[in-house]
Enquirer: 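What follows is a single structure, and I will ask about it in a moment.
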Amino acid sequence: MSTRPWAENIWFSPCYVISELARTVQTRDKKKIKRHKEAWICAVTIICHSKIKPVEWWIQIPKNDPPDVLAMSFIPTEDGKSQDIAVTPFEVFEISEYDKESVEKSIERKLGKKDYSKITLVGFARRIGIFEHERVATYIQQLKPKALCICLIVSEENNTNYSLIQLFPECVKFKHDFGLFCKTTNQRDFIELTRSTKIKKDDNTTNDILTLIP
């Protein structure tokens, strides 16, 4: 069994990203663990999002950041004979339980004066306590942030049923069990894309160890 180096044409399923986090933590490589945690947050986010918009998503950790993570899905062409890829950049941050500020202030601090117009911003709320997500959404929307979308991932139960809270451009909240999703999905661990006059998706199988983090 050999290890295949990171390649920009390899994309991983959200469930593979989630399942492999434990392996990365065992390496004790702080930089790799940080990048994998960012991908984990993105994976949970897009699994939750698939509850209201069923789309098969794929994830890649880019060689250089920003963005922290890339998420990709396939869009059929108008003639139905081919498909294009749609890539969404993600910027990820954590709202720590040690922060002595409100949730909205933590998000405002993350936004700063940066331009996230083409990026989805996802915050992982790790703070114990209750906050009014409608009030937070109203506050963030009044800031008129330069962002494609701003969301929070929140664990409100002691299981894998997480809440996805979209704050901007509109307020939406729903739950999805990413653990159950990963037990029942038939999505492969990875795909390899090749470009020609049209995009070809190869569902490869291999005994090699694939490199998720560049």
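In this chain, numbering begins with 1 at the start of the sequence shown. Computed from a predicted model, the values in this text were never measured in an experiment.
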Enquirer: Can you name the nearest heavy-atom pair linking S50 to F181, along with the distance?
Expert: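 Scanning both residues, the minimum pair turns out to be OG-CE1, 4.1 Å.
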
Enquirer: Is any side-chain heavy atom of V69 closer than 4.5 Å to one of W40?
Expert: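 They are not in contact (no side-chain heavy atoms under 4.5 Å apart), so the answer is no.
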
Enquirer: State plainly whether the residues E192 and R4 are in salt-bridge range, i.e. N to O under 4.0 Å.
Expert: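 Looking at R4 together with E192, the answer is yes, because their closest N to O distance falls below 4.0 Å.
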
Enquirer: Just one of V87, V55, I85, D84 clears the side-chain contact (heavy atoms from CB on, under 4.5 Å) bar with S73, so which one?
Expert: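 For S73, the side-chain contact (heavy atoms from CB on, under 4.5 Å) check succeeds only for V55.
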
Enquirer: Go through the steps for K110 and Y116 under the test side-chain contact (heavy atoms from CB on, under 4.5 Å), then give the verdict.
Expert: CA-CA 11 Å; K110 172 63 179 179; Y116 295 106; 3.7 Å; yes

Enquirer: Give the cluster check for I61 versus I47: same hydrophobic cluster or not, with ILVMFWY residues linked at side-chain heavy-atom distances below 4.5 Å.
Expert: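 Shared cluster, yes.
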
Enquirer: Kindly indicate, with the supporting measurements, whether the criterion side-chain contact (heavy atoms from CB on, under 4.5 Å) is fulfilled by L152 and F131.
Expert: CA-CA 12 Å; L152 295 178; F131 64 91; 3.9 Å; yes

Enquirer: Test side-chain contact (heavy atoms from CB on, under 4.5 Å) on W57 and M72; report intermediate values, then the result.
Expert: CA-CA 6 Å; W57 288 93; M72 178 270 290; 5.7 Å; no

Enquirer: Which residue pairs pass the disulfide bond (SG atoms under 2.5 Å apart) test when at least one of the two sits in residues 145-190, sequence neighbours left out?
Expert: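 For residues 145-190, and leaving out neighbouring residues, the disulfide bond (SG atoms under 2.5 Å apart) pairs sorted by first residue read C15-C182.
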
Enquirer: State, to 0.1 Å, how close P62 and P67 come at their nearest heavy-atom pair, and which atoms those are.
Expert: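 Residues P62 and P67, closest heavy atoms: CG-O, 3.3 Å.
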
Enquirer: Find out whether W11 and L193 are in side-chain contact, i.e. whether some heavy atom of one side chain is under 4.5 Å from a heavy atom of the other.
Expert: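 Answer yes - side chains close enough.
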
Enquirer: Please tabulate, for side-chain N and O atoms in residues 172-180, each donor-acceptor pair with protein atoms closer than 3.5 Å (sequence neighbours left out).
Expert:
residue: K173; atom: NZ; partner: E156; partner atom: OE1; Å: 3.3
residue: K173; atom: NZ; partner: E156; partner atom: OE2; Å: 3.3
residue: K175; atom: NZ; partner: E157; partner atom: OE2; Å: 2.9
residue: D177; atom: OD1; partner: T160; partner atom: OG1; Å: 2.5
residue: D177; atom: OD1; partner: G179; partner atom: N; Å: 3.1
residue: D177; atom: OD1; partner: L180; partner atom: N; Å: 3.0

Enquirer: Can you list the residues that meet the salt bridge (Lys or Arg N to Asp or Glu O under 4.0 Å) rule with E108, with sequence neighbours excluded?
Expert: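 Once residues adjacent in sequence are excluded, the partners of E108 under the salt bridge (Lys or Arg N to Asp or Glu O under 4.0 Å) criterion are K105.
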
Enquirer: Hey, could you give me the NE2/SG distance between H49 and C42, rounded to the nearest 0.5 Å?
Expert: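 If we round to the nearest 0.5 Å, H49:NE2 and C42:SG are 11.5 Å apart.
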
Enquirer: Test side chain to side chain donor-acceptor pair (under 3.5 Å) on S106 and E101 and set out the steps.
Expert: CA-CA 7 Å; S106 292; E101 60 189 5; 2.9 Å; yes

Enquirer: Test of understanding: clusters of I, L, V, M, F, W, Y form through side-chain heavy atoms closer than 4.5 Å, transitively. Do I165 and Y162 belong to the same one?
Expert: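 Not linked; separate clusters.
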
Enquirer: Decide yes or no for F90 and I46: does some side-chain heavy atom of the first lie under 4.5 Å from some side-chain heavy atom of the second?
Expert: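 Yes, side chains in contact.
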
Enquirer: Which heavy atom of Q60 sits nearest to which heavy atom of N9, and what is that distance?
Expert: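 Heavy-atom minimum between the residues: NE2-N, 4.3 Å.
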
Enquirer: Give, for atom CD1 of I140 and atom NE2 of H133, the distance between the pair rounded to the nearest 0.5 Å.
Expert: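 Here the rounded value is 13.5 Å.
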
Enquirer: Identify the two heavy atoms, one from V92 and one from I41, that lie closest to each other, and give their separation to 0.1 Å.
Expert: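 Reported closest heavy-atom pair: CG1-CD1, 3.4 Å.
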
Enquirer: Do T88 and L70 make a side-chain contact, defined as non-hydrogen atoms from C-beta onward lying under 4.5 Å apart?
Expert: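 No; the side chains remain at least 4.5 Å from each other.
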
Enquirer: Closer than 4.0 angstrom, basic N to acidic O: yes or no for K63 and E8?
Expert: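 Looking at E8 together with K63, the answer is no, because their closest N to O distance does not fall below 4.0 Å.
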
Enquirer: Roughly how far, to the nearest 0.5 Å, is the SG atom of C48 from the CG atom of N161?
Expert: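 Here the rounded value is 8.0 Å.
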
Enquirer: Nearest 0.5 Å please: distance from the NZ atom of K32 over to the CZ atom of R35.
Expert: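 Answer rounded to 0.5 Å: 11.5 Å.
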
Enquirer: Given L143 and E104, is the side-chain contact (heavy atoms from CB on, under 4.5 Å) satisfied, shown in steps?
Expert: CA-CA 11 Å; L143 295 176; E104 53 265 45; over 6 Å; no

Enquirer: Can you find a pair of side-chain heavy atoms, one from F93 and one from I107, that are under 4.5 Å apart?
Expert: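 When only atoms from C-beta onward are counted, I107 and F93 do touch, with a gap below 4.5 Å.
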
Enquirer: With rounding to the nearest 0.5 angstrom, report the CD1 to CG distance, I153 to L164.
Expert: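 Atom-to-atom, I153:CD1 and L164:CG are 4.5 Å apart.
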
Enquirer: Give, for atom CD1 of I10 and atom OG1 of T211, the distance between the pair rounded to the nearest 0.5 Å.
Expert: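 Reported value, rounded in 0.5 Å steps: 10.0 Å.
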
Enquirer: Hydrophobic clustering (ILVMFWY, side-chain heavy atoms < 4.5 Å, transitive) - are V136 and F168 grouped together?
Expert: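 In one cluster: yes.
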
Enquirer: Step through the shown structure and confirm whether more than 12 heavy atoms of other residues, nucleotides or ligands are within 6.0 Å of CZ on R135.
Expert: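 Check passes, neighbour count above 12.
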
Enquirer: Would you say K114 and K146 make side-chain contact, with heavy atoms under 4.5 Å?
Expert: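 The answer is no; the side chains never approach within 4.5 Å.
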
Enquirer: Do you reckon I119 sits in the same ILVMFWY cluster as V122, going by side-chain contacts under 4.5 Å, direct or chained?
Expert: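 No, I119 and V122 fall in different hydrophobic clusters.
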
Enquirer: Taking the side chain as C-beta and beyond, is there a heavy-atom pair between K51 and P54 under 4.5 Å?
Expert: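 No - every pair of side-chain heavy atoms lies 4.5 Å or more apart.
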
Enquirer: So L111 and L121, do their side chains get closer than 4.5 Å, heavy atoms only?
Expert: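 The answer is yes, as the side chains (C-beta and beyond) meet within the 4.5 Å cut-off.
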
Enquirer: Applying a strict under-4.5 Å side-chain criterion to I, L, V, M, F, W and Y, I'd like to know whether V154 and Y139 cluster together.
Expert: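 Per the 4.5 Å side-chain linkage, V154 and Y139 are co-clustered.
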
Enquirer: Regarding K37 and E94, does a basic nitrogen lie under 4.0 Å from an acidic carboxylate oxygen?
Expert: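 Not counted as a salt bridge, because no side-chain N and carboxylate O are separated by less than 4.0 Å.
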
Enquirer: Please report whether the ring centroid of W58 lies less than 6.0 Å from that of F190.
Expert: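 No.
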
